[in-house]
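Quantities reported herein were computed from a predicted structural model and do not represent experimental measurements.
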Number of protein chains: 2
Amino acid sequence: MQITRAAEYGVLGLTALARRPLGEVVMVDVLCAEEEIPRSFLGKIFQNLAKAGIVKSARGSGGGFSLSRLPGQITALEIIEAIEGPIAFQRCLDEDLGCEHSGGCALCSLLAVAQNRVKEVFHATTLSDLAGRHIPNSAVTRARGKSRGKIPLAAA
Amino acid sequence: MQITRAAEYGVLGLTALARRPLGEVVMVDVLCAEEEIPRSFLGKIFQNLAKAGIVKSARGSGGGFSLSRLPGQITALEIIEAIEGPIAFQRCLDEDLGCEHSGGCALCSLLAVAQNRVKEVFHATTLSDLAGRHIPNSAVTRARGKSRGKIPLAAA
DNA sequence: TCAAACCGGACGGATCTCGTCCGGTATCCT
DNA sequence: AGGATACCGGACGAGATCCGTCCGGTTTGA
């Protein structure tokens with residue numbers, strides 16, 4: 001019952017992209033430096049985002065990634081499902097291959113409701129919502145020196 | 001982003017218990033036969049439920065498990081968290097050990113909202129809700145013979 | 001032609017999942 | 001007292017998933 005690092009990194013990387021002028025092509029090196037994400041992992045994640053049409057990739061020298069839509073038109077649900085696959089609290093809730101327990105499985109109904117709630121939340125949030133409020137870690141640590149201790153929560 | 005089998009089995013086992021007169025002591029062998037759950041696994045799961053105070057255990061001959069409260073007073077949230085540990089979409093959302101990304105992490109806020117939605121759903125559902133609508137698999141297969149083909153969904 | 005940058009598959013260690021097994025202990029029955 | 005019964009609890013283990021890394025291949029620009 002957790003989000004994967006891949007999805008986390010994917011969202012973070014996209015916010016970094018979304019903070020720039022629309023259409024700007026950025027290398028993964030830049031993005032992962034900005035958000036402190038392992039380089040080759042983020043590369044792999046962005047391959048999925050490209051395949052899902054969220055991001056466009058440009059190869060060769062001067063290449064990189066750019067958003068293929070406005071940040072306000074990309075939902076968190078899209079991003080997360082592009083990386084993790086469809087959100088399904090249980091096997092039988094993904095495609096309707098029927099529940100293995102019984103005809104009217106109460107548990108599956110419950111899980112279906114819960115699952116739809118989180119989908120609603122993710123669907124209602126766009127990348128611009130996320131990018132607006134997010135301050136990249138690298139900026140914070142730079143401003144703070146390298147004190148690696150407890151972080152006073154800023155901004156409620 | 002999935003519920004574990006353990007939680008699934010736990011809920012199922014408890015519904016079997018909840019269908020009986022309150023306080024009746026039932027062996028795990030009976031419960032797992034009824035719900036078609038591996039015996040030793042369910043035993044282990046019920047240990048957690050006992051530790052969480054959801055179920056009472058009786059040892060020795062004639063022993064087994066019984067609900068320690070009315071089914072209407074046991075929430076799905078309790079059950080699931082007793083088995084899986086606290087629901088936390090991300091490490092930083094469990095106890096407040098602060099987000100590793102930044103002060104005002106937008107992603108964590110989003111995940112927190114989604115997580116609370118599912119907690120609400122689980123909290124609003126009781127064991128009696130689940131037990132009422134659930135027909136154990138064993139009963140279905142008995143009534144149907146051993147046709148292992150596609151199951152026509154009964155009851156909307 | 002060369003270097004830059006993404007593509008995509010293989011690999012690998014760590015962790016989690018899904019159980020099983022077995023000796024220990026508490027309880028009941030005779 | 002002595003068994004038989006049933007839960008307790010820890011160890012074990014196969015398999016899957018997670019979290020990345022690596023490297024050869026391909027595309028592109030200079």
Side-chain angles (χ1 to χ4, degrees), chain A residues 1-13 17 24-33 35-68 80 83-91 94 100, chain B residues 1-13 17 24-33 35-68 80 83-91 94 100:
Chain A
M1 192 59 87
Q2 268 198 185
I3 219 89
T4 61
R5 292 250 181 225
E8 185 184 329
Y9 292 160
V11 170
L12 256 25
L17 207 47
E24 182 172 336
V25 175
V26 187
M27 295 188 303
V28 300
D29 302 73
V30 175
L31 296 174
C32 68
E35 297 289 343
E36 297 184 337
I37 295 170
R39 142 87 221 226
S40 42
F41 196 19
L42 190 63
K44 199 126 284 265
I45 294 164
F46 265 64
Q47 285 183 27
N48 293 327
L49 294 175
K51 225 174 297 179
I54 293 170
V55 107
K56 276 184 297 206
S57 69
R59 294 166 78 149
S61 147
F65 292 95
S66 58
L67 289 182
S68 55
I80 292 171
I83 297 171
E84 296 196 351
I87 289 180
F89 277 21
Q90 224 181 14
R91 302 116 209 116
D94 182 3
E100 45 186 296
Chain B
M1 192 58 89
Q2 268 197 186
I3 218 91
T4 61
R5 292 249 181 227
E8 185 184 328
Y9 292 159
V11 170
L12 256 25
L17 207 47
E24 182 170 338
V25 176
V26 186
M27 294 188 303
V28 299
D29 303 71
V30 174
L31 296 175
C32 68
E35 297 289 342
E36 298 183 338
I37 295 170
R39 142 88 220 224
S40 42
F41 196 20
L42 190 63
K44 199 128 286 257
I45 294 164
F46 265 65
Q47 285 183 25
N48 293 327
L49 295 175
K51 227 175 297 181
I54 293 170
V55 106
K56 276 182 296 203
S57 68
R59 296 166 76 149
S61 145
F65 291 95
S66 58
L67 289 181
S68 55
I80 292 171
I83 297 170
E84 295 197 351
I87 289 179
F89 277 21
Q90 224 181 16
R91 302 116 208 116
D94 180 5
E100 44 186 295

Rounded to the nearest Å, what distance is computed from the CD atom of residue Gln90(A) to the C1' atom of nucleotide dT17(C)? 15 Å
Going 5' to 3' through nucleotides 19-30 of chain D and flagging B where a protein heavy-atom sits under 4.0 Å of the base, S where only the sugar-phosphate is that close, and - otherwise, we get SBB---BBBBS-
For Leu49(A) and dG8(C), give me the distance from atom CG to atom P, rounded to whole Å. 13 Å
Got a sec, which pairs hit side-chain hydrogen bond (donor to acceptor under 3.5 Å, both in side chains) with one end in residues 44-68 of chain A, sequence neighbours left out? none
Identify, with sequence neighbours excluded, every residue that meets side-chain contact (heavy atoms from CB on, under 4.5 Å) alongside Val55(A). Leu14(A), Leu17(A), Phe46(A), Leu49(A), Ala50(A), Phe65(A), Leu67(A)
Do Gln2(B) and Met1(A) have side-chain heavy atoms sitting under 4.5 Å apart? no
Remember a base hit wins even if backbone is also touched, and classify Gly64(A) as base, sugar-phosphate or nothing at under 4.0 Å, heavy atoms. sugar-phosphate
Whole angstrom value for the distance that separates P of dC7(D) from NZ of Lys51(B): 16 Å
Side-chain (Glu84(A)) to main-chain (Ala7(A)) donor-acceptor, under 3.5 angstrom: no
From CG of Leu42(A) over to C1' of dC6(C), roughly how many Å is that when rounded to an integer? 12 Å
Spacing of Ile45(B) atom CD1 and Glu8(B) atom CD [to the nearest 0.5 Å]: 9.5 Å
How would you label the contact of Phe46(B) with the nucleic acid (heavy atoms, under 4.0 Å): base, sugar-phosphate, or nothing? nothing
With sequence neighbours left out, what residues match Glu24(A) under side-chain contact (heavy atoms from CB on, under 4.5 Å)? Arg20(A), Pro21(A), Val26(A)
Here the distance between atom C1' of dT20(C) and atom CD1 of Ile45(B), to the nearest Å, is 13 Å
How many whole angstroms separate atom CZ of Phe65(B) from atom P of dT27(C)? 14 Å
When the distance from CD1 of Ile37(B) to P of dG19(C) is rounded to whole Å, what number comes out? 10 Å
Between Asn48(B) (CG) and dG9(D) (P), how many Å, whole number? 10 Å
